[in-house]
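Below is one structure, written out as structure tokens, with a few remarks after it.
Note on naming: letters A, B, ... go to the chains in the order of the sequence lines (proteins, then strands), and numbering restarts at 1 for each one. For the numbers below, each heavy atom of this structure counts, side chains included, while hydrogens, waters and symmetry mates do not. Please read all numbers here as calculations on a predicted model, not as lab measurements.
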Amino acid sequence: MPAPGVTSPPLSRPRAPLFLCACFAALVMTVTVHKARCCATSAGNGLVYPQKIVLIMKIVTRFAPSPTGFLHIGGGRTALFNWLFAKHHQGTFLLRIEDTDRARSTQAAVDAILDGLKWLGLEWDGEAVSQFERKDRHAEVVAEMLANGTAYRCYCTPEELDAMREAQKAAGQQPRYDGRWRDRDPSEAPAGIAPAIRLKAPREGETVVNDHVQGEVRVQNSQLDDLILLRSDGTPTYLLAVVVDDHDMGVTHVVRGDDHLTNTFRQLQIYNAMGWAAPEFAHIPLIHGPDGAKLSKRHGALGIEAYRDMGFLPETMRNYLLRLGWGHGDAEIISTEQAIEWFTLEGIGRSPSRLDFAKMENLNAHYIREADDARLVALTSPFIEAKIGRALTDAEKERLLRSVPGFKPRVKTLLELADGSLYLFANRPLALDDKAAALLTAEARSQLAALAEAFAASPDWSGAALEQIVRDHAERTGLKLGKLAQPLRAALTGSTVSPPIFEVAEILGRAETLVRLEDVAKGG
RNA sequence: GUCCCCAUCGUCUAGAGGCCUAGGACACCAGCCUUUCACGUUGGUAACACGGGUUCGAAUCCCGUUGGGGACGCCA
């Protein structure tokens, strides 16, 4: 315990009373360190009720993407977990854009991330913070560290560092900054070289993080080198900026990808150097592709907007992403409200998971079935308009609206809904897909001609009336209903899949239905 | 290479030493329903990576092996 190391707040994956103490410790940490000590102590002896904690504790989480690409699905899940955790505790969910790498950050990427989060329905509190704009504050903190002796100037050139790493590798050692400027007298500084500022990290002992997902993880300080805080051009590095910003923004819980676990040790060292209380951490396992390989923006993974364009609903994504790495008993279909109520860090699994499009589609089919018809029309119209190359008229949207209820149980994505609705707006003669064309045999065509005649004579153009006509016809000719209904479907929709076919005829209307039947009867 | 993490059906997961003959969901197969395709419904195939411990008892705890992943930048 008295080791010269650094430890994050002692926390594991406790239940019952232990958990309450832990939460309490977390909350006081946001106030001041001194209060934290005494409150934590008294909490340890007394009984603390959850209700009270909710009143006192203000949870603050954040999502901190770097704008070097779109919002990929792993980032989306990280954002979701942070959002859910904040909502669960009636806390605050902040957004910070980590744009300190000026060369790689783009406004287009910032916009894509913002759009992606909005589409997912993950609204953040307050304004999005630009990390780059806080660079003066970062420099100020480093000046403080320089003054208190926890940081120093390093005059190594990039070439020199490369050479050092090469030599270490050649000697079979692991590449690490050797601290050559750590204790050197400033008077030895070479002229004309702007120094980078490094952290004077502890060399003895170990650093421990008590992670909400990974449990207690420790590393020997000898494994960690003196990281750069401020580049020679005066800009902050990620490791420094994250710590300063999380501290200044009052972040209480850092929920992020597993790939940051090893960064945490170094960040803890910075917290310690500044005498700041560290937030609590939860490192969630990464999402892998269907092949098990790493999924990241560097490996061509899809942006969240790609899922939108494939016709997935945002509520599908929230549910699917939630279940990827998090579980609540046997629950599968989980509404967002329910998710907020149930979500805890302790429910997060420790092993990486793979993307499964089939399951995502199944969930999407569920949410499409549940979705409001007018909303589906609004979401599907753009897909249709893109395909037919023109805007839909109000009358056409009305027609779409009438066909949606019968069709939505049959599709898995909005894109399928759009494709399957195209016949409503298609120009004659209708293009037939292969299966539909195969249905239209000479025999079928002559039956359709007979049906067309009967339809034309019907005073009532309702789906029910038309169905009765076909049923009567089937009875008279001894044909099975399917033998008539299927060719009818092919003739009217060009496909073998559609909403209930008599409904289709009703929506299409008398004139359009008869002329389409005529087209087919003519053999065209 | 060094350090760190992970390991239950094909996939997502339940599982907190006896409720496990290992449960659910997706996918797959078969039946029912049916106006095609679906939805729905009934049933089925399918997993504790391996080896040692600890224990009366291990999917669960410990150690090792193997396999997978992550991190080792004046990127984030």
Separation of B:A76 P from A:Gln131 CD (nearest whole Å): 8 Å

RNA chain B: 5'-proximal contact among A:Phe502 and A:Arg198 (nearest heavy atom): A:Phe502

Any A:Arg471 side-chain N or O less than 4.0 Å from OP1/OP2 of B:U35: yes

Phosphate OP1/OP2 of B:A76 contacted by A:Arg231 side-chain N/O (<4.0 Å): yes

Distance, C1' atom - from B:U2 to B:U60, rounded to whole angstrom: 32 Å

Donor-acceptor pair under 3.5 Å, A:Glu332 side chain vs B:G24 base: yes

Sugar-phosphate only, base, or nothing, as touched by A:Gln220 at under 4.0 Å among non-hydrogen atoms: nothing

Any donor-acceptor N/O pair under 3.5 Å between B:A25 base and A:Lys359 side chain: yes

Check: B:C37 base within 3.5 Å donor-acceptor of A:Arg410 side chain: yes

Criterion side chain to side chain contact (heavy atoms under 4.5 Å, CB included) on A:Lys412 and A:Phe357, from CA distance to verdict: CA-CA 11 Å; A:Lys412 288 183 160 62; A:Phe357 275 88; over 6 Å; no

Closest heavy-atom pair and its distance - A:Glu503, A:Arg402: OE1-O, 4.3 Å

Gap in Å between the two P atoms, one belonging to B:G24 and one to B:C20, rounded: 12 Å

Contact under 4.0 Å: A:Thr100 side-chain N or O vs B:A76 OP1/OP2: yes

P spacing across the pair B:C50 / B:G40, given as an integer number of angstrom: 36 Å

Ring center gap for A:Phe343 and A:Phe81 short of 6.0 angstrom: yes

Whole-Å gap separating P (B:C9) and CG (A:Asp330): 17 Å

Base orientation of B:C56, syn vs anti, 90° cut from 0: anti

Distance-only donor-acceptor test (3.5 Å): side chain A:Asp258, base B:A71: no

The single option from A:Thr235, A:Leu240, A:Thr237 passing side-chain contact (heavy atoms from CB on, under 4.5 Å) against A:His138: A:Leu240

Interatomic distance, A:Gln223 CD vs B:U2 P [rounded to whole Å]: 10 Å

Side-chain donor/acceptor of A:Arg104 to base of B:C75, under 3.5 Å: yes

Separation of B:A25 C1' from A:Tyr320 OH (nearest whole Å): 12 Å

Test: A:Arg266 and A:Asp225 ion pair at under 4.0 Å: yes

side-chain N/O A:Asn263 vs B:A76 OP1/OP2, d < 4.0 Å: no

Any A:Arg176 side-chain N or O less than 4.0 Å from OP1/OP2 of B:G73: no

Rounded distance (Å) that lies between atom P of B:G69 and atom CG of A:Leu286: 11 Å

A:Ser351 vs B:G68: side-chain N/O to OP1/OP2 distance below 4.0 Å: no

N or O in side chain of A:Arg369 less than 4.0 angstrom from B:G40 OP1/OP2: yes

Under 3.5 Å side-chain donor-acceptor pair for A:Thr207 and A:Asn221: yes

Donor/acceptor link under 3.5 angstrom from A:Ser232 side chain onto base of B:C74: yes

Base-pairing assignment for B:C48 (Watson-Crick or G-U wobble, both under 3.5 Å): none

